[in-house]
*Asks:* 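Before anything else, here's the structure in question.
Index from 1, following the sequence. Because only heavy atoms are used, hydrogens play no part in the values below, and waters and symmetry mates are left out as well, while side chains stay in.
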Amino acid sequence: MTKSICFFFTLLLGAACQPQHEAQQIIDQAIAVHGGKQLAQSRLSFDFRKKHFEVAIDQGLFRYESILKDSLGTMHDVLDNQGFDRMINGEKLNLSEEDKERFKNTLNSVIYFALLPFPLNDPAANKKYLGETSIKGEPYDEIEVTFSEDGGGADHEDVYIYWIHQQNKTMDYLAYSFHVDGGGTRFREAYNVREIEGIRFADYINYESTEENFALEDYEKLFEEGKVEELSRIELKNVEVSSTSAELAASQK
């Protein structure tokens with residue numbers, strides 16, 4: 001192979017790798033701005049709708065919990081590196097694999113959205129730079145995230161778009177397509193942004209498009225044109241943050 005042909009293929013490979021490299025760099029910057037260093041070794045809790053959630057993270061180890069109390073007692077779900085368990089009034093349930101997967105995904109989904117963009121560096125997350133755009137007159141980089149089947153979970157076919165502010169490096173908007181419950185798409189706008197112990201938290205207005213047959217990455221255009229309608233509010237209440245202790249590692253031995 002001649003030097004000119006080698007050089008040509010080098011250019012092609014470089015062009016193919018550039019969008020992925022740029023997307024990774026932007027996500028790394030966003031995670032840093034959102035307090036990723038603090039979050040990587042932290043313990044936090046919050047209330048979402050009727051449940052209380054607790055999260056412990058320590059350099060790859062994790063423990064996610066949800067607690068629901070009602071007139072019948074207490075339901076306690078736990079997901080960690082070892083797997084998933086559900087307890088009712090302190091007694092562990094013998095769950096089918098199907099139920100275990102369903103309950104696990106429900107708990108993991110709440111934590112995933114609460115910790116964004118921190119989970120976007122999961123090994124199964126594949127990032128692609130889509131280009132520049134603007135929302136409400138502000139400049140954004142648009143990043144697509146898909147998931148590998150291996151390690152991507154039951155919802156690995158879902159597609160996500162994140163809008164990262166070019167100067168602030170904050171994740172202010174996101175959109176996603178999903179396949180459960182008949183499938184659909186959503187667009188979320190961050191509000192009530194606050195920083196607690198160096199970690200950035202936000203609530204979201206959850207929208208659905210009034211249009212059909214559009215590309216997911218064009219959701220911001222529909223948003224600006226008023227072609228979305230509010231479905232719900234995603235609000236994290238009573239958020240508290242503290243440092244992780246050695247208890248997490250000890251509990252999973």
Side-chain angles (χ1 to χ4, degrees), residues 39-40 42-58 60-125 145-160 174-186 188 201-204 206 208 231-241 244 247-253:
L39 190 55
S42 65
R43 185 182 298 275
L44 59 97
S45 63
F46 60 88
D47 297 326
F48 176 62
R49 294 176 179 164
K50 295 181 179 180
K51 292 182 179 180
H52 176 71
F53 291 84
E54 297 188 359
V55 178
I57 303 172
D58 191 351
L61 293 175
F62 70 92
R63 181 180 174 90
Y64 302 159
E65 301 177 63
S66 69
I67 301 167
L68 175 64
K69 295 182 179 180
D70 57 22
S71 59
L72 300 177
T74 301
M75 181 177 70
H76 185 191
D77 289 350
V78 177
L79 173 63
D80 61 19
N81 299 80
Q82 309 302 316
F84 176 87
D85 289 310
R86 168 168 285 188
M87 280 78 71
I88 301 293
N89 296 327
E91 294 188 13
K92 182 178 175 180
L93 298 186
N94 185 17
L95 299 170
S96 68
E97 287 302 315
E98 182 180 359
D99 284 342
K100 185 177 290 189
E101 189 69 16
R102 181 160 53 91
F103 299 149
K104 180 187 78 172
N105 288 338
T106 298
L107 172 56
N108 190 64
S109 179
V110 173
I111 304 300
Y112 177 88
F113 282 109
L115 300 185
L116 281 172
F118 186 74
L120 299 184
N121 269 344
D122 185 279
V145 176
T146 58
F147 291 89
S148 303
E149 184 174 358
D150 183 16
D155 301 327
H156 67 271
E157 293 181 346
D158 295 352
V159 178
Y160 293 78
L174 67 103
Y176 61 98
S177 62
F178 59 95
H179 296 82
V180 298
D181 300 325
T185 63
R186 296 289 185 269
R188 293 187 179 183
F201 294 92
D203 298 328
Y204 292 91
N206 196 31
E208 182 180 43
L231 292 179
S232 61
R233 300 267 171 146
I234 310 299
E235 299 177 332
L236 306 182
K237 299 182 178 180
N238 305 316
V239 180
E240 296 184 359
V241 177
T244 312
E247 297 174 5
L248 182 58
S251 69
Q252 298 195 38
K253 288 183 178 179

*Asks:* Donor-acceptor pair, N81 side chain versus G60 backbone, under 3.5 Å?
*Replies:* yes
*Asks:* To the nearest 0.5 Å, what is the distance between CE (M75) and CE (M87)?
*Replies:* 11.0 Å
*Asks:* Where the side chain of D80 meets the backbone of G83, is there a donor-acceptor pair that is under 3.5 Å apart?
*Replies:* yes
*Asks:* Can you tell me how far apart CG (D58) and OG (S42) are? Round to the nearest 0.5 Å.
*Replies:* 9.0 Å
*Asks:* Taking the six-membered ring of Y176, is NZ or CZ of R186 closer than 6.0 Å to its centre and within 45° of its axis?
*Replies:* no
*Asks:* Measure the shortest side-chain to side-chain distance between V241 and F201 over non-hydrogen atoms and say whether it is less than 4.5 angstrom.
*Replies:* yes
*Asks:* Is it true that K100 and E98 make a salt bridge, defined as a side-chain N closer than 4.0 Å to a carboxylate O?
*Replies:* no
*Asks:* When rounded to the nearest 0.5 angstrom, what distance separates CZ in R233 from OH in Y204?
*Replies:* 14.0 Å
*Asks:* Please report the interatomic distance OG1(T74) to CD(E91), rounded to the nearest 0.5 Å.
*Replies:* 12.5 Å
*Asks:* Less than 4.5 Å apart, any side-chain heavy atom of S45 and any of H52?
*Replies:* yes
*Asks:* Partners of Y64 by ring-ring contact (aromatic ring centres under 6.0 Å, His included), sequence neighbours excluded?
*Replies:* F62
*Asks:* Have a look at L44 and tell me which of L236, L115, I57 forms a side-chain contact (heavy atoms from CB on, under 4.5 Å) with it.
*Replies:* L115
*Asks:* Between CG of D85 and CG of L95, what distance do you get to the nearest 0.5 Å?
*Replies:* 8.0 Å
*Asks:* Would you check if L120 and Y160 make a side-chain contact, meaning some heavy-atom pair closer than 4.5 Å?
*Replies:* no
*Asks:* Are the side chain of D99 and the backbone of R102 linked by a donor-acceptor contact shorter than 3.5 Å?
*Replies:* no
*Asks:* Can you tell me if E208 has over 12 outside heavy atoms packed within less than 6.0 Å of its CD?
*Replies:* yes
*Asks:* How long is the gap from CG on D47 to CG on N238, to the nearest 0.5 Å?
*Replies:* 4.5 Å
*Asks:* Within the 4.5 Å heavy-atom criterion, are I234 and R188 side-chain neighbours or not?
*Replies:* yes
*Asks:* Counting only N and O atoms by type, is there a donor-acceptor contact under 3.5 Å from the side chain of N108 to the main-chain atoms of K104?
*Replies:* no
*Asks:* Look at the rings of Y112 and F147 and say which category their plane angle falls in: under 30° parallel, 30 to 60° tilted, over 60° perpendicular.
*Replies:* perpendicular
